[in-house]
Chemist: 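Here it is, the structure, as C-alpha cells.
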Amino acid sequence: MIPDVTLNDGFQMPALGLGTFQVRGGQGVNQILAAIKDGYRSLDTATNYDNEGAVGEAIRRSGIPRADFFVTSKLPGKYHRYADATTAIQESLYRMGLDYFDLFLIHWPLPKRDLYVQAWQAMVDARQRGLIRSIGVSNFEPEHLDRLIKETGVVPAVNQLEVHPYWVQDRMLKEDTKRGIITEAWSPLGRGSAALKEPVIVDLAKKYGKNVGQIILRWHVQRNVVPIPKASNLVHQRTNLDLFDFKLTPDEIQAINDLSQPDGRIDGQDPNEYEEFD
Ligand SMILES: NC(=O)c1ccc[n+]([C@@H]2O[C@H](COP(=O)([O-])OP(=O)(O)OC[C@H]3O[C@@H](n4cnc5c(N)ncnc54)[C@H](OP(=O)(O)O)[C@@H]3O)[C@@H](O)[C@H]2O)c1
C-alpha cells in the first residue's frame, strides 16, 4: 500500500511512517498496534520520547516478522561523545528488544557543544558492526552536513526536519537533495495547527474528496519528502495512509508552499540555537 523510497546507501524506506512522540505506555502500545494493523510499517521513535519500549512491544505483539518493519530511533544530545553514543545505541536496542535499527539519527546537532562528529563516527562504526542499517541526522543545517561529510567521508542517508505548510523549507530540501539525502518531515501536519483550517487546504480536500490531513501529506509526498504523521485518532491514523490514489497539480503544490511564514516554526526551534537539556 505504501511505496518505498531508495536511500543513498541502497536500502529502501517506506514513503510514509508513523510518528510516536507522546505515544507511551499500555495505551501507546495499543495505538501503535492499531496503526500496524492498518498497514504502517515505518515507526519513528527516539530515546527522548521515553517510548522505545512501547514501540518494540507493539512490534512483537503484532506477530508480523521484524524484517517487515522499518524502525527509526534517535540519539539524544547528552550522548554525543563517542563512547556514550556507542553505549546509547546498544541500550536503545535493548529497550526495544531488537538487534538492529533500520535507521538511527542524531536527534539535534547542538553545534555549541560541537560533539556531533564524534556521535556520527560512533554511528558509522555501529553500522559496521551490524547494529544499524542506515544512518542519518535530524535538524542538521548545510554546514553541519558538510562537516560530517568532510571529516568522516560518510553522507547521511536521511535528514529529518521540521516541515509543514507554515515552514516549507524550500532551501533545506534543495540542500538535502544536492547531497543525495532524503528529507523526512517531522510535525508534517504542523502538530494539528491552524494549517489544517487554511482555506486553500480545505478547498483542495473538498475537490479531491479527502480530508485536510491527507492533502497536506500528499503535498509532502509530491515534494519527495517522507512525512511521519502522529495520529492517536484511529480515523486520522487510517486515512493518513490513504494518499497514493490522487495527485495535486503543480499549481496546487505551489499554493500550499505559499502558506509558508518567515517565523513559521511551531516552537521556534532553530537548530543552531536549540539545546536539549538532559
Ligand atoms: N526529529 C525531531 O526533532 C522531531 C521533533 C518533533 C517530532 N518528531 C517526530 O515527528 C512525529 C510527528 O510530529 P508531531 O507528532 O509533532 O505532529 P504532527 O504529526 O504534525 O501532528 C499530530 C497532530 O495532528 C493530528 N492529526 C493527525 N492526523 C490528522 C488528520 N488526518 N486530520 C487532522 N488532524 C490530524 C493528531 O491528532 P490525533 O492524535 O488526535 O489523531 C495530532 O494532534 C512525532 O510524533 C515524532 O515521531 C521529530
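Just follow the structure's listing: the first ligand is 1, and inside any ligand the first atom is 1.
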Chemist: Regarding R218 and E252, does a basic nitrogen lie under 4.0 Å from an acidic carboxylate oxygen?
Modeler: no
Chemist: Looking just at side-chain N and O atoms, do N159 and T183 make a donor-acceptor pair shorter than 3.5 Å?
Modeler: no
Chemist: Please write down residue, atom name and distance for the protein heavy atom closest to atom 14 (P) of ligand 1.
Modeler: S187 OG, 3.6 Å
Chemist: I'd like to check which ligand 1 atoms, numbered from 1 as shown, lie under 4.0 Å from a non-hydrogen atom of I228.
Modeler: 9 (C), 10 (O), 11 (C), 12 (C)
Chemist: Have E52 and S92 got a donor and an acceptor in their side chains that come within less than 3.5 Å?
Modeler: yes
Chemist: For atom 28 (N) of ligand 1, grab the closest protein heavy atom and report residue, atom and distance to one decimal in Å.
Modeler: N240 ND2, 3.0 Å
Chemist: Short list, please: which atoms of ligand 1 are under 4.0 Å from a heavy atom of Y49?
Modeler: 4 (C), 7 (C), 8 (N), 9 (C), 46 (C), 47 (O), 48 (C)
Chemist: Does the pair R179/E175 count as a salt bridge with the N-to-O cut at 4.0 Å?
Modeler: yes
Chemist: In ligand 1, which numbered atoms sit nearer than 4.0 Å to a non-hydrogen atom of H107?
Modeler: 1 (N), 2 (C), 3 (O)
Chemist: F21 versus ligand 1: do any nitrogen or oxygen atoms come within less than 3.5 Å of each other?
Modeler: yes
Chemist: Can you tell me if V212 contacts ligand 1 (heavy atom of the residue under 4.0 Å from the ligand)?
Modeler: no
Chemist: When you look for heavy atoms under 4.0 Å from ligand 1, do you find them on the side chain of N139, its backbone, both, or neither?
Modeler: side chain
Chemist: Within a distance under 4.0 Å of any heavy atom of L196, pick out the atoms of ligand 1 and give their elements.
Modeler: 33 (C), 34 (N)
Chemist: Between the side chains of Q254 and D258, does any donor sit under 3.5 Å from an acceptor?
Modeler: yes
Chemist: Under 3.5 Å between any N/O of K74 and any N/O of ligand 1: does that happen in this structure?
Modeler: no
Chemist: Can you find a heavy atom in the side chain of Q31 that is under 4.5 Å from one in the side chain of T20?
Modeler: no
Chemist: Whether D242 and K210 form a salt bridge (side-chain N of Lys/Arg under 4.0 Å from carboxylate O of Asp/Glu) is what I want to check.
Modeler: yes
Chemist: Would you tell me which option among G213, A205, S232 has the nearest heavy-atom contact to atom 39 (O) of ligand 1?
Modeler: S232
Chemist: For H220 and Q222, does a side-chain donor sit closer than 3.5 Å to a side-chain acceptor?
Modeler: no
Chemist: Give the intermediate values and the outcome of ring-ring contact (aromatic ring centres under 6.0 Å, His included) for residues F70 and F11.
Modeler: CA-CA 10 Å; F70 187 96; F11 285 109; 8.6 Å; no
Chemist: Quick one: nearest non-hydrogen protein atom to atom 23 (C) of ligand 1, plus distance?
Modeler: G192 N, 3.7 Å
Chemist: I need the nearest protein heavy-atom contact for atom 6 (C) of ligand 1: residue, atom name and distance, please.
Modeler: W186 CE3, 3.1 Å
Chemist: Looking only at protein heavy atoms, which one is nearest to atom 20 (O) of ligand 1, and how far off is it?
Modeler: L189 N, 2.8 Å
Chemist: Going by the angle between their ring planes, with limits at 30° and 60°, are H164 and Y166 parallel, tilted or perpendicular?
Modeler: perpendicular
Chemist: Does F21 sit in a hydrophobic cluster with other residues, and if so which ones, taking ILVMFWY side chains as linked at heavy-atom separations under 4.5 Å, directly or through other members?
Modeler: Y49
Chemist: Does a donor on one side chain sit under 3.5 Å from an acceptor on the other, for N272 and H144?
Modeler: yes
Chemist: Apply side-chain hydrogen bond (donor to acceptor under 3.5 Å, both in side chains) to the pair N211 and T239, showing each step before the final yes or no.
Modeler: CA-CA 8 Å; N211 66 41; T239 56; 3.0 Å; yes
Chemist: May I ask you to list the atoms of ligand 1 that are less than 4.0 angstrom from any heavy atom of Q160?
Modeler: 1 (N), 2 (C), 4 (C), 48 (C)
Chemist: Got the closest protein heavy atom to atom 33 (C) of ligand 1, with its distance?
Modeler: H236 NE2, 3.4 Å
Chemist: Which ligand 1 atoms are under 4.0 Å away from a heavy-atom of N211?
Modeler: 31 (N)
Chemist: Kindly identify the option in R238, R191, Q269, K230 whose heavy atom sits closest to atom 27 (C) of ligand 1.
Modeler: K230
Chemist: Output the list of atoms in ligand 1 that are nearer than 4.0 Å to some heavy atom of P229, sorted by atom number.
Modeler: 19 (O)
Chemist: Looking only at protein heavy atoms, identify the closest one to atom 47 (O) of ligand 1 and say how far it is in Å.
Modeler: D44 OD2, 2.7 Å
Chemist: Is the closest basic N to carboxylate O distance between R95 and D50 below 4.0 Å?
Modeler: no
Chemist: Run down the list A231, S138, G17 and name the one with the heavy atom closest to atom 1 (N) of ligand 1.
Modeler: S138
Chemist: Considering the heavy atoms of W108, write down every atom of ligand 1 situated less than 4.0 Å from one of them.
Modeler: 3 (O)
Chemist: Using a distance threshold of 4.0 Å (strictly less than), state whether atom 43 (O) of ligand 1 has a protein heavy-atom neighbour.
Modeler: no
